[in-house]
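This report refers to the structure that appears directly beneath it.
Note on naming: letters A, B, ... go to the chains in the order of the sequence lines (proteins, then strands), and numbering restarts at 1 for each one. Keep in mind the model is a prediction, meaning the values are calculated, not measured.
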Amino acid sequence: MEYKFREIEPKWQKKWEEAGLFRAVDGSERPKFYALVEFPYPSGHGMHIGHIKAYGGLEVVSRKRRMQGYNVLFPIGFDAFGLPTENTAIKDGVHPRVLTDQNIRKFTDQLRRVGFSFDWSRTVDTTDEGYYRWTQWIFRKMFDAGLVFRDKTLVNFCPHCQVVLSNEDSQGGKCDICHNDVVQKSKDVWYLRITEYADKLLEGLDHVDYLPNIRNQQENWIGRSTGAFVNFPLKEVDDKLRIYTTRCDTLFGVTFMVIAPEHPVLDTYADKVKNMDEVRAYRAECAKKTEFERTQLAKDKTGVRIDGLTAINPITGREIPIFISDYVMMGYGTGAIMAVPAHDTRDYAFAKKFGVEILPVIEGGDISKDAYTGEGRMINSGFLNGLTDKKSSIERMLVELEKRGVGEAGVQYKMKDWAFNRQRYWGEPIPIVHCPKCGMVGVPYEELPLKLPEVENFEPGEGGESPLAKVASFVNCKCPQCGGDAKRETDTMPQWAGSSWYFLRYTDPHNDKSLADPEKLKYWMPVDWYNGGMEHVTRHMIYSRFWHRFLYDIGAVPCPEPYAKRTAQGLVLGANGVKMSKSLGNVIDPNDVIDRYGADVLRTYILFMGDYEQAAPWSDSSVRGCKRLIDRFAALTDLLTEEPVPSLETSLHRTIRKVSEDIESMKFNTAIAAIMTFVNDVYAAGAIDRASLMTLTKLLCPFAPHICEEMWQELGGEGFCSAASWPEYDEEKTKEATVEIAVQLCGKVRGRLTVPVDATQEDVLAAIQADGTLSPMLAGKQIVKQIYVPGRLCNLVVK
RNA sequence: GCGGGCGUGGCGGAAUUGGCAGACGCGCCGGAUUUAGGAUCCGGUGGGCAACCUUGCGGGUUCGACCCCCGCCGCCCGUACCA
């Protein structure tokens, strides 16, 4: 048989669809398996090679599980709101709706061409009114629960995209969409109170199975730290400066304080500050710096001493100077710190530059050279003197702080509340009305979806105003509460909104009564296995866990955590070993590969390339190795016999075991290697019987389903190979009668010996002594120790 | 700086988790077939003429170390003046 992929592949794709082969069945008695992959953003560029790898992993697992009798839900959809589409719309003068529909069609065609076994009857589109109705519904529920608030603060702003960004969207000081520098800007912003869920999100990690680095990154992102809040009285006025510290044990070593440039105490007591001009100049200088510059110049400390305000150490009563410096951030803790230069590297650098006293309170290190951040015996610290353990020093200090009423234990998170609004058109309208009398009022549930109005012009307005603000018929409305004239919120939700709950919708995608039928949610949730990219671990994964946990708390979903297991695939790099990019010209288009070699080869190669979780470079020549496998597999029909081929039995059973195990642990590369080995064995044997070839066909089917369907038909198999039962192996038949073991002398391999598998240590020793080439090496030596690992080796330690 | 991961032939990568290092594939070399091949098939392929040497480098534990421990070096990812 020949692998005529241009005919075979579209033919079977059509047959699968007609037979509804990959439809999941709600409420089936069979065990359920919900496999989830990150739905794509349907960009105009079409599918990327990375999508094949990202989806190919669970595609193989899903196909295997179906053959094993599971009721598999393996859905796909489109995360279609977002800026790239909107920007193309502005540039080309086409409505984003039109572009989105085009792109979705393009993606659908491409995904089908690969032969993915998605349940196409459950496709979701986040821009569909029937979908975003429920995105708005969830937002409204959060609004009711007090998790939505509005605040005017310094936020991340992208001047290029003209939008406010969340912390997650501006990692590394760069805009997540256009990768330009983000600036800090004071703006009125909608926030979701995700910090209220910080502990639940942390705790939830104990109950799920995420890859260690995924868990670790989430923990770091949430960044819980325990410490203390301490109030330092001000000498000149009747007020206090509140700070957060994780090292209250070093309170005796405080020699100055630092506040962030934006700290409000400066405005409150401006009249007390004698050098206010100097302070203002410094603040202006800091405001000009981007976040990027501020962190780049990390080593070089700048600042100004505030003349006219002095703090008093609440424990020692000592007077200490206050500085303003941009190494203290307004966005973390209280925007003010107690500086202990002897034991903090940043405070040390600052103290050296500004000539402030450095007072050691922990023994060890050399204060003249560097800050000492290690542990040691407490000195110069009153009631703490002599203590050697950091933990007990902190505890002792906390007791003292509370006793004197000047401080208390506290917790801080690195994670910030989620800046949730975007000043753009192509997103879900935020269902809130601003009423002059009632304030912010939620749009009634029965009025959802609050539809996106048609507009002429999608460009953001002056000063980053949403395009919706120009649509009077949308903006002007009646207050749902008092009926008076009111105005609608005109900002839209960020791209992450729709993707924060899409996995729930797959369980019941057409429901118009609720986001999904509780019975169906109960049947399918949680997702058994979620695979996607590492780049989403501290964005989408955090957001969606938060939304899901909230939905659990209000009784809308049956389980607290949405994903029981999470894995991540490594990048597909260009042939030159670096990330694919248009500018480098190293982009591989999956469509070209399919045109040239067929989808089965593409699917097989992308998983054969290397460790699934590791990045691996594309290789045009290596693809041909997989092309050969498929061709050689197809040609096995030439070797078909009706009699069993006994010499293949052990090899076949081992292959079944290896492939079955490796698919479950995502070791697709070695699973494919095992299939290659077996095919090699068949060619070496020169013949294969029908039953064995059918088994091999089933093993290869998850990877290369089209050629396997063709082979299955050729061999007279019933129905679809994709629906055939997964092969079982017989443990006994994986064992050979004899085995070759290594014979070692003092740990060095000196020869090999074939012995029966069940040979005892005595048998092996006797065999060695009887062996003509091995026995002379023992001549005149005394065996001190003998180690025998059955089936592996025998090591003789001699004197 | 901190957190996580990695380092194995010319290349991508295997190695039952302490038991014959280099499976499988690419590439390369030789041969067959072919008018021809960048098609197909067969054989070979870590280094060294050898004894032997080889999993980034140096120590250690062990009968035995790619695997465990200690100390370096180098890459990648994440995060970043987080108090």
Side-chain angles (χ1 to χ4, degrees), chain A residues 171-173 211-221 223-225 227 243-248 250 258 260 291 294-301 325-329 331-340 344-347 349-350 373 412-416 534-535 537-538 570-571 573 575 577 605 608-611 613-626 628-629 631-632 635 658 661 667 669-680 683 740-752 784-798:
Chain A
Q171 295 182 25
L211 287 180
N213 52 334
I214 294 176
R215 178 185 179 143
N216 174 266
Q217 270 193 36
Q218 291 214 342
E219 283 173 347
N220 285 347
W221 187 257
R224 185 180 205 269
S225 91
I243 61 101
Y244 175 73
T245 179
T246 54
R247 294 298 304 274
C248 64
T250 61
V258 187
E291 187 80 0
R294 229 166 123 165
T295 51
Q296 276 302 295
L297 303 167
K299 296 284 169 290
D300 194 26
K301 300 277 182 288
S325 172
D326 67 357
Y327 84 90
V328 172
M329 305 289 150
Y332 185 79
T334 61
I337 61 157
M338 62 176 218
V340 186
D344 180 282
T345 50
R346 296 151 306 176
D347 298 346
F350 191 90
T373 54
Q412 279 293 303
Y413 302 92
K414 285 190 204 172
M415 188 169 69
K416 307 258 181 48
M534 282 305 293
E535 71 275 18
V537 168
T538 52
L571 289 177
L573 303 173
Y605 175 62
F608 181 65
M609 287 173 80
D611 185 339
E613 288 163 28
Q614 238 36 63
W618 180 267
S619 162
D620 278 321
S621 53
S622 287
V623 178
R624 290 214 298 276
C626 290
R628 275 182 206 135
L629 170 70
D631 284 338
R632 276 157 63 81
K658 181 77 179 152
E661 289 172 357
K667 290 160 85 176
N669 52 340
T670 51
I672 294 165
I675 291 172
M676 288 172 169
T677 304
F678 182 71
V679 171
N680 290 343
Y683 276 95
E740 190 185 64
I741 63 166
V743 179
Q744 295 183 335
L745 219 57
C746 299
K748 294 213 181 276
V749 180
R750 295 294 168 188
R752 286 162 222 286
V784 186
K785 196 171 178 183
Q786 186 182 357
I787 296 104
Y788 175 52
V789 184
R792 299 264 166 225
L793 54 76
C794 178
N795 185 16
L796 301 176
V797 184
V798 296

* Which residues satisfy the ring pair (Phe, Tyr, Trp, His ring centres under 6.0 Å) test with A:Phe608, sequence neighbours excluded? -> none
* With a non-hydrogen cut-off below 4.0 angstrom, is A:Glu219 in contact with a base, only sugar-phosphate, or nothing? -> nothing
* **Anti or syn - B:U55, cut at 90° from 0** => anti
* Asked: Looking for any heavy atom pair under 4.0 Å, which part of the strands does A:Arg750 touch: base, sugar-phosphate only, or nothing?
  -> sugar-phosphate
* Structure fact -> Contacts of A:Lys658 meeting salt bridge (Lys or Arg N to Asp or Glu O under 4.0 Å) (sequence neighbours excluded), chain-then-number -> A:Asp662
* If each of A:Val797 and A:Val789 is mapped to the nucleotide of RNA chain B with the nearest heavy atom, which maps nearer the 5' terminus, i.e. the 5' end? -> A:Val789
* Structure fact -> Rounded to whole Å, NZ of A:Lys414 lies from C1' of B:G78 at a distance of 11 Å
* Assign A:Gln786 to base, sugar-phosphate, or nothing according to its heavy-atom contacts below 4.0 angstrom with the strands shown. => nothing
* **Anti or syn - B:G9, cut at 90° from 0** => syn
* Structure fact -> Note: for A:Ala674 and A:Gly747 on RNA chain B, the residue whose nearest nucleotide lies more 5' is A:Ala674
* Side chains of A:Tyr244 and A:Ser225: do they bring a donor and an acceptor to under 3.5 Å? -> yes
* Would you kindly give the CG-to-C1' distance between A:Asn220 and B:C2, to the nearest whole Å? => 9 Å
* Listed partners of A:Glu535 passing side chain to side chain contact (heavy atoms under 4.5 Å, CB included), at least two apart -> A:Arg539
* Asked: Can you name the residues that form a side chain to side chain contact (heavy atoms under 4.5 Å, CB included) with A:Asn220, not counting sequence neighbours?
  -> A:Asn216
* Residues that A:Phe350 engages under ring pair (Phe, Tyr, Trp, His ring centres under 6.0 Å), provided they are two or more places apart -> A:Phe256, A:Phe323, A:Tyr327, A:Phe354
* Name the closest nucleotide to the A:Ala616 side chain, picking from B:G13, B:C81, B:G19. => B:G13
* **A:Gln217 side-chain proximity, nearest of B:G78, B:C81, B:G4** => B:G78
* Does A:Asp344 have any side-chain hydrogen bond (donor to acceptor under 3.5 Å, both in side chains) partners at least two apart in sequence or in another chain, and if so, which? -> A:Arg346
* **Watson-Crick or G-U stems of RNA chain B, 3 or more pairs, under 3.5 Å, by first number** => B:1-7 with B:73-79, B:10-12 with B:24-26, B:27-32 with B:40-45, B:56-60 with B:68-72
Can you pull every protein N or O that's under 3.5 Å from an N or O on nucleotides 14-18 of chain B?
residue : atom : partner  : partner atom : Å
B:A14   : OP1  : A:Asn669 : ND2          : 3.2
B:A15   : OP1  : A:Lys667 : NZ           : 3.2
B:U16   : O2   : A:Arg792 : NH2          : 2.2
B:U16   : N3   : A:Arg792 : NE           : 2.8
B:U16   : N3   : A:Arg792 : NH1          : 3.0
B:U16   : N3   : A:Arg792 : NH2          : 2.4
B:U16   : O4   : A:Arg792 : NE           : 3.4
B:U16   : O4   : A:Arg792 : NH1          : 3.3

* **Side-chain N or O of A:Tyr244 closer than 4.0 Å to phosphate OP1/OP2 of B:A83** => no
* To do: Tell me, please, which residues at least two apart from A:Asp631 pass salt bridge (Lys or Arg N to Asp or Glu O under 4.0 Å).
  => A:Lys627
* Structure fact -> Applying side-chain hydrogen bond (donor to acceptor under 3.5 Å, both in side chains) to A:Tyr788 and not counting sequence neighbours gives none
* Asked: Of all the choices, B:G3, B:G19, B:A83, which nucleotide is nearest to the side chain of A:Asn795 once you look at every atom?
  -> B:G19
* Asked: How close or far is atom P of B:C6 from atom CG of A:Leu573, stated in whole angstroms?
  -> 17 Å
* To do: Would you mind classifying the nucleic acid contact of A:Ala336 as base, sugar-phosphate or nothing, using non-hydrogen atoms under 4.0 angstrom?
  => nothing
* To do: For A:Glu219, enumerate each residue passing the side-chain hydrogen bond (donor to acceptor under 3.5 Å, both in side chains) test, keeping only those at least two apart in sequence or located in another chain.
  => A:Arg215
N/O to N/O distances under 3.5 Å, protein versus nucleotides 25-27 of chain B:
residue : atom : partner  : partner atom : Å
B:G25   : OP1  : A:Asn680 : ND2          : 3.0
B:C26   : OP1  : A:Arg628 : NH1          : 2.3
B:C26   : O2'  : A:Ser621 : OG           : 2.8
B:G27   : OP1  : A:Arg624 : NH2          : 2.9

